[in-house]
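A single structure is presented below for examination.
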Amino acid sequence: MAKVNRAQSTAPPDGGWGWMIVAGCFLVTICTRAVTRCISIFFVEFQTYFAQDYAQTAWIHSIVDCMTMLCAPLGSVVSNHLSCQVGIMLGGLLASTGLILGSFATSLKHLYLTLGVLTGLGFALCYSPAIAMVGKYFSRRKALAYGIAMSGSGIGTFILAPVVQFLIEQFSWRGALLILGGFVLHLCVCGALMRPITLTEDHTTPEQKQICRTEKRDFQQASPYSTLTKEWVQARLCRSLQQEYSFLLMSDFVVLAISVLFMAYGCSPLFVYLVPYALSVGVSHQQAAFLMSILGVIDIVGNVTFGWLTDRRCLKKYQYVCYLFAVGLDGLCYLCLPMLQSLPLLVPFSCTFGYFDGAYVTLIPVVTAEIVGTTSLSSALGVVYFLHAVPYLVSPPIAGWLVDTTGSYTAAFLLCGFSMIFSSVLLGFARLVKKMKKTQLRFPAKESDPKLQLWANGLVAYSVASELDQKDESVEMAVPGYNPT
């Protein structure tokens with residue numbers, strides 16, 4: 001499968017088999033992100049069965065999310081050097097194994113290793129490669145394609161939340177985990193749909209091809225134990241890594257990475273604590289699961305409609321701003337949550353938060369592609385999702401510690417809200433500074449400012465004089481006896 005024939009294309013086809021890629025990515029997001037969200041429904045069951053506090057129980061969800069994002073670069077490496085199909089199928093097997101073994105756990109530590117580490121690693125091998133494949137098959141309708149593909153998270157949450165609650169009631173949490181383990185095996189089917197494609201920008205130049213042929217001939221002529229073999233392998237490996245991760249030195253990507261850290265810290269705890277918070281204010285178990293369903297179905301609307309809207313001609317060049325808008329509004333929703341203490345008030349919250357959560361999740365690959373380009377998109381997405389890892393790991397336990405310490409969810413929700421607002425403000429400020437620098441380069445000085453004009457004239461005169469001196473020196477070297485005076 002690693003040697004599967006790649007489809008040749010001069011540009012992203014924007015359709016055709018690309019819609020099958022979208023369908024495969026849609027199923028991948030159901031089996032990864034939706035299943036991860038539904039782990040919060042097990043929260044109270046785990047807490048009651050193992051008699052642990054909020055902070056200890058929250059580590060299960062944190063480790064799943066952390067491993068999914070922490071190992072995202074590993075998923076990109078497997079996808080780039082073997083194939084996307086191999087990576088997703090392997091990930092499906094690992095994730096299913098983790099869920100099945102988790103159903104036999106006898107302590108929270110067992111769940112940390114099985115449901116947390118093993119399942120999270122499997123999800124990591126599936127998630128970022130599937131998303132990157134959508135970006136390779138679409139260009140003009142990229143935001144719409146991502147919107148449809150990423151809506152699997154919302155649809156999956158809408159369907160799985162009440163189903164998981166029903167399975168827990170009928171078969172206990174062990175039976176529910178066992179059934180989810182079988183369901184996640186559908187990732188292997190999704191992997192089979194990911195047909196590789198080679199675009200024009202993925203091709204190397206003729207000079208690079210000639211260098212590769214020369215190095216390959218030298219490698220074939222060398223013995224397996226020669227120094228040349230080791231040097232060739234090391235040189236090729238270093239060159240490949242430099243080309244693959246050169247975007248790490250881009251200032252725009254560094255700012256995006258810092259912003260992602262704060263955004264990821266804020267977004268994760270809600271999916272852990274929405275159900276426990278609803279139960280704490282008097283909402284029943286079925287109604288609390290219904291809130292997760294609402295969050296999921298409105299997430300779908302945000303995925304599709306925001307992706308379609310930002311693909312329109314009037315908004316396409318403002319996709320970056322739309323991303324900031326969505327992240328900031330999710331932060332504002334967090335700030336209002338402590339005041340909402342009944343089902344009629346929590347339903348509008350779930351609708352609003354779910355819509356903008358789906359909106360900015362759709363635009364993460366679009367914003368990343370705008371910064372690094374399509375060629376490095378798989379590796380860049382791997383790094384972006386890798387940066388989610390630490391916030392996803394620490395934010396739910398920190399929120400749980402705040403709940404245990406203060407006896408209220410207010411401090412935890414306010415901290416998450418301000419974190420997401422700061423993420424949006426940081427990216428907006430960086431974009432504003434960049435535009436101001438471009439304006440200054442275009443119009444360096446006003447004619448009415450005599451000091452700046454004098455400085456500019458002196459700089460021009462100095463540069464012209466330097467060029468003349470260099471020309472005179474070159475002529476004098478070429479023509480003996482030449483005298484510029």
Side-chain angles (χ1 to χ4, degrees), residues 20-46 60-61 63-65 67-68 71 75 84-105 110-111 113-131 148-194 271-272 275 286 289-290 292-293 295-297 299-300 303:
M20 294 301 296
I21 301 296
V22 170
C25 186
F26 173 84
L27 294 174
V28 168
T29 55
I30 289 178
C31 294
T32 56
R33 302 311 300 159
V35 170
T36 300
R37 288 181 177 182
C38 288
I39 291 176
S40 63
I41 300 175
F42 291 90
F43 188 94
V44 176
E45 300 294 328
F46 292 152
I60 300 171
H61 191 283
I63 294 173
V64 176
D65 262 339
M67 289 299 298
T68 301
C71 298
C84 185
Q85 296 167 319
V86 171
I88 294 178
M89 289 183 175
L90 178 61
L93 291 174
L94 289 176
S96 177
T97 302
L99 286 164
I100 293 172
L101 291 178
S103 66
F104 298 99
H110 293 163
L111 288 175
L113 293 174
T114 55
L115 184 57
V117 176
L118 195 58
T119 299
L121 176 60
F123 287 166
L125 294 179
C126 302
Y127 191 54
S128 57
I131 295 173
I148 297 173
M150 304 294 280
S151 67
S153 176
I155 292 177
T157 305
F158 174 70
I159 297 174
L160 288 179
V163 170
V164 168
Q165 183 63 44
F166 173 78
L167 292 176
I168 292 173
E169 293 173 356
Q170 295 295 318
F171 306 105
S172 79
W173 64 266
R174 295 184 185 276
L177 283 180
L178 189 64
I179 294 171
L180 280 180
F183 172 74
V184 166
L185 275 175
H186 285 87
L187 286 169
C188 297
V189 180
C190 302
L193 297 175
M194 300 295 170
F271 297 100
V272 181
V275 172
Q286 289 293 339
F290 177 65
M292 287 295 294
S293 295
L295 194 68
V297 72
D299 193 290
I300 306 165
N303 284 140

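This one's a predicted model, so the numbers in the text were calculated from it and none came from an experiment.
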**OP:** Run the numbers on I63 and L111 for side-chain contact (heavy atoms from CB on, under 4.5 Å), then give the verdict.
**Re:** CA-CA 10 Å; I63 294 173; L111 288 175; over 6 Å; no
Original post:
Could you state the interatomic distance from CD1 (I30) to CG (L160), rounded to the nearest 0.5 Å?
Top reply: 7.5 Å
Subject >> F158 atom CZ: more than 12 heavy-atom contacts under 6.0 Å >> reply: no
Subject >> Min side-chain heavy-atom separation V184-V35 under 4.5 Å >> reply: yes
Subject >> Residue F26 excluded, over 12 heavy atoms near CZ under 6.0 Å >> reply: yes
Original post:
What's the spacing between L185 CG and C190 SG if we round to 0.5 Å?
Top reply: 11.0 Å
Original post:
So which heavy atom on L121 is nearest to which on M67, and how close?
Top reply: N-CB, 3.9 Å
Original post:
Where do T36 and F271 land on the side-chain contact (heavy atoms from CB on, under 4.5 Å) test, with the steps shown first?
Top reply: CA-CA 9 Å; T36 300; F271 297 100; over 6 Å; no
Original post:
Looking at side-chain heavy atoms only, is the closest gap between L113 and L101 below 4.5 Å?
Top reply: no
Original post:
Once you round to the nearest 0.5 Å, how far does CG of L180 lie from OG1 of T119?
Top reply: 10.0 Å
Subject >> Distance-minimising heavy-atom pair for M194 and A130 >> reply: CE-CB, 4.1 Å
**OP:** Mind running side-chain contact (heavy atoms from CB on, under 4.5 Å) on F46 and L115 for me, showing each step along the way?
**Re:** CA-CA 12 Å; F46 292 152; L115 184 57; 4.2 Å; yes
**OP:** Give the intermediate values and the outcome of side-chain contact (heavy atoms from CB on, under 4.5 Å) for residues F43 and V275.
**Re:** CA-CA 8 Å; F43 188 94; V275 172; over 6 Å; no
Subject >> Residue pair L118 / T97, side-chain heavy-atom distance below 4.5 Å >> reply: yes
Original post:
How long is the gap from SG on C38 to NE2 on H61, to the nearest 0.5 Å?
Top reply: 9.0 Å
Subject >> Contact summary for T29 and G152, nearest pair of heavy atoms >> reply: OG1-CA, 3.2 Å
Original post:
How long is the span from the CD1 atom in I168 to the CG atom in L177, to the nearest 0.5 Å?
Top reply: 8.0 Å
**OP:** Give, for atom OG of S172 and atom CG of L178, the distance between the pair rounded to the nearest 0.5 Å.
**Re:** 9.5 Å
Subject >> Atom of L99, atom of G181 and distance for their closest heavy-atom approach >> reply: CB-CA, 3.7 Å
Original post:
Within the distance-only criterion (no hydrogens, no angle test), does the side chain of S103 pair as donor or acceptor with the backbone N or O of I100 below 3.5 angstrom?
Top reply: yes
**OP:** Looking only at non-hydrogen atoms, find the nearest pair between Q286 and Q165 and report the distance.
**Re:** NE2-CG, 3.8 Å
Subject >> Closest heavy-atom pair and its distance - L125, G91 >> reply: CB-CA, 3.8 Å
Original post:
Between D65 and R33, is there a salt bridge with N-O shorter than 4.0 Å?
Top reply: yes
